[in-house]
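Beneath this line is the structure, given in structure tokens, with notes to follow.
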There are 2 protein chains.
Amino acid sequence: MNKWIYELHARICNIFSNPKRLEVIDLLRNGEKSVNELSSLMNIPQTNLSQHLSLMRQRGMLETRRDGVNIYYSIANPKAIKAFDIMREVLLEQLSRNEKLIKKLKSA
Amino acid sequence: MNKWIYELHARICNIFSNPKRLEVIDLLRNGEKSVNELSSLMNIPQTNLSQHLSLMRQRGMLETRRDGVNIYYSIANPKAIKAFDIMREVLLEQLSRNEKLIKKLKSA
DNA sequence: TTAATATATTATTATGTTCGCATATATTAA
DNA sequence: TTAATATATGCGAACATAATAATATATTAA
């Protein structure tokens, strides 16, 4: 059986299942940022951010580059951003469908 | 702050973070299937499958249609399949990169 | 109505995830 | 070397998720 592919697939998609990790991806979409930059933009404890970054790196979603004391993270495969954006569209379409439904119900 | 969007985004992507749910999506990519059909194709207990289907439906990923005693599930928004496929590509590119690396290491 | 089939729900247990805290490591400057 | 800054890691508690088993509901046929 070839089910292992679903396991790996789920493992990498699991990165998208956490709001902080999604925010990281969104912040890195236009290029690399250091841990410091990310952590001040996101307003979360550095130690927690590092945990997320480390997981995303282990699973091949992010790459790192060291420059002196700073470590810069970037998105390894831009296709991941594409998937991110498509799922965002799916979400927004859901929301607007709900909105329309609510309006209909109100006017009835 | 607009962070709620990441919460919702994560919530819907969370569907992709489980191998069985990915298999359901893959099985439904060419059209609806009943719970029975899915459960025999997947070889998992019907009760477990129903739980996954119910979650996917709650989150707007799947729609249902009843025909007599059968309930047919289908994918609500085909864009979700697109996102599924892109992440599959990301994964396969990762795997082939690793393969190449292994070959390199072996020959060195 | 009863039986048979398809599907859903609930409770329980096992497992995984997330976070905060404390601590560790690496680099640079003094 | 020591101090300062940036980043990573290990541990434990709180919480979420997944699987199983048992049971419930809905539809159809007899």
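Naming: A, B, ... by sequence-line order, numbering from 1 per chain. These numbers come from the heavy atoms of this one structure, side chains and all, not from hydrogens, waters or symmetry mates.
Within the 4.5 Å cutoff, the side chain of B/Leu53 has heavy atoms near those of the B/Leu38 side chain. Looking at heavy atoms from C-beta onward, B/Leu8 lies out of side-chain contact with B/Ile12 at the 4.5 angstrom threshold. Counting heavy atoms from C-beta outward, B/Val24 and B/Tyr73 have side chains that stay 4.5 Å or more apart. Side-chain contact check for A/Ile5 versus B/Leu91: some heavy-atom pair is nearer than 4.5 Å. Put simply, the side chain of A/Ile44 does not reach to within 4.5 Å of the side chain of A/Glu23, judged on heavy atoms. Proximity of A/Gln94 to B/Asn77: side-chain heavy atoms (C-beta onward) are nowhere separated by under 4.5 Å. Side-chain contact between A/Pro78 and A/Lys82: absent, with no pair of heavy atoms (C-beta onward) separated by less than 4.5 Å. Considering only heavy atoms from C-beta on, B/Met61 stays 4.5 Å or farther from B/Arg21 through its side chain.
Atom C1' of nucleotide C/dT18 and atom NZ of A/Lys20 are separated by 8 Å, given to the nearest angstrom. The CG-C1' distance, from A/Leu49 to C/dG20, rounds to 14 Å in whole Å. Residue A/Gln58 contributes atom CD, which lies 18 Å from atom P of D/dT7 at whole-angstrom precision. As rounded to whole Å, 13 Å separates atom C1' of C/dT9 from atom CD1 of B/Ile71. Rounded to whole angstrom, the span from the CG atom of A/Leu53 across to the P atom of D/dA8 amounts to 7 Å. As a whole-Å value, the separation of B/Gln46 CD from D/dA22 C1' is 12 Å. Note: CD1 (A/Ile44) to C1' (C/dT18) measures 11 Å, nearest angstrom.
For B/His52 and D/dT17, the shortest distance from a side-chain N or O to OP1 or OP2 is not below 4.0 Å. Taking only side-chain nitrogens and oxygens, A/Arg57 never comes nearer than 4.0 Å to OP1 or OP2 of D/dA8.
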message: With side-chain contact (heavy atoms from CB on, under 4.5 Å) as the criterion, how do A/Phe16 and A/Asn14 come out once you've worked through the C-alpha distance, each side chain's angles and the decisive distance to 0.1 Å?
response: CA-CA 5 Å; A/Phe16 289 150; A/Asn14 182 43; over 6 Å; no

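Between B/His9 and A/Phe84, the ring-plane angle classifies as tilted under the 30° and 60° cut-offs.
Linking ILVMFWY side-chain heavy atoms closer than 4.5 Å, directly or via other members, places B/Leu27 and B/Leu22 in a single hydrophobic cluster.
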Quick test: give all pairs of protein nitrogen or oxygen and nucleotides 10-15 of chain C nitrogen or oxygen below 3.5 Å, distance rounded to 0.1 Å.
residue	atom	partner	partner atom	Å
C/dT10	O4	B/Gln51	OE1	3.2

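Within 4.0 Å of A/Tyr73, counting heavy atoms only, lie sugar-phosphate atoms of the nucleic acid but no base atom.
Judged as a side chain to side chain donor-acceptor pair (under 3.5 Å), and not counting sequence neighbours, the contacts of A/Ser54 are A/Gln58.
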- prompt: In B/S/- notation, 5' to 3', how is nucleotides 24-30 of chain D contacted by protein heavy atoms closer than 4.0 Å?
  reply: --SBS--

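For the pair B/Arg88 and A/Tyr6, the cation-pi test (distance below 6.0 Å, angle within 45°) is passed.
With A/Leu55 as the fixed residue, the side chain to side chain contact (heavy atoms under 4.5 Å, CB included) test singles out one of A/Arg59, A/Arg57, A/Gln51: A/Arg59.
Going from atom CD1 of B/Ile81 over to atom CD1 of B/Ile75 covers 3.5 Å, rounded to the nearest 0.5 Å.
Listed for the B/Ser50 side chain is no donor-acceptor partner under 3.5 Å among the backbone atoms of B/Thr47.
Near DNA chain C, meaning a heavy atom under 4.0 Å away, the residues from residues 6-18 of chain A are A/Asn14, A/Asn18. Heavy-atom distances under 4.0 Å link DNA chain C to B/Ser34, B/Val35, B/Asn36 of residues 22-39 of chain B, given in residue order.
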query: Where each pair must be Watson-Crick or G-U wobble with both distances under 3.5 Å, what dot-bracket representation of DNA chain D is obtained, with crossing pairs in [ ] and other-strand partners as |?
result: ||||||||||||||||||||||||||||||

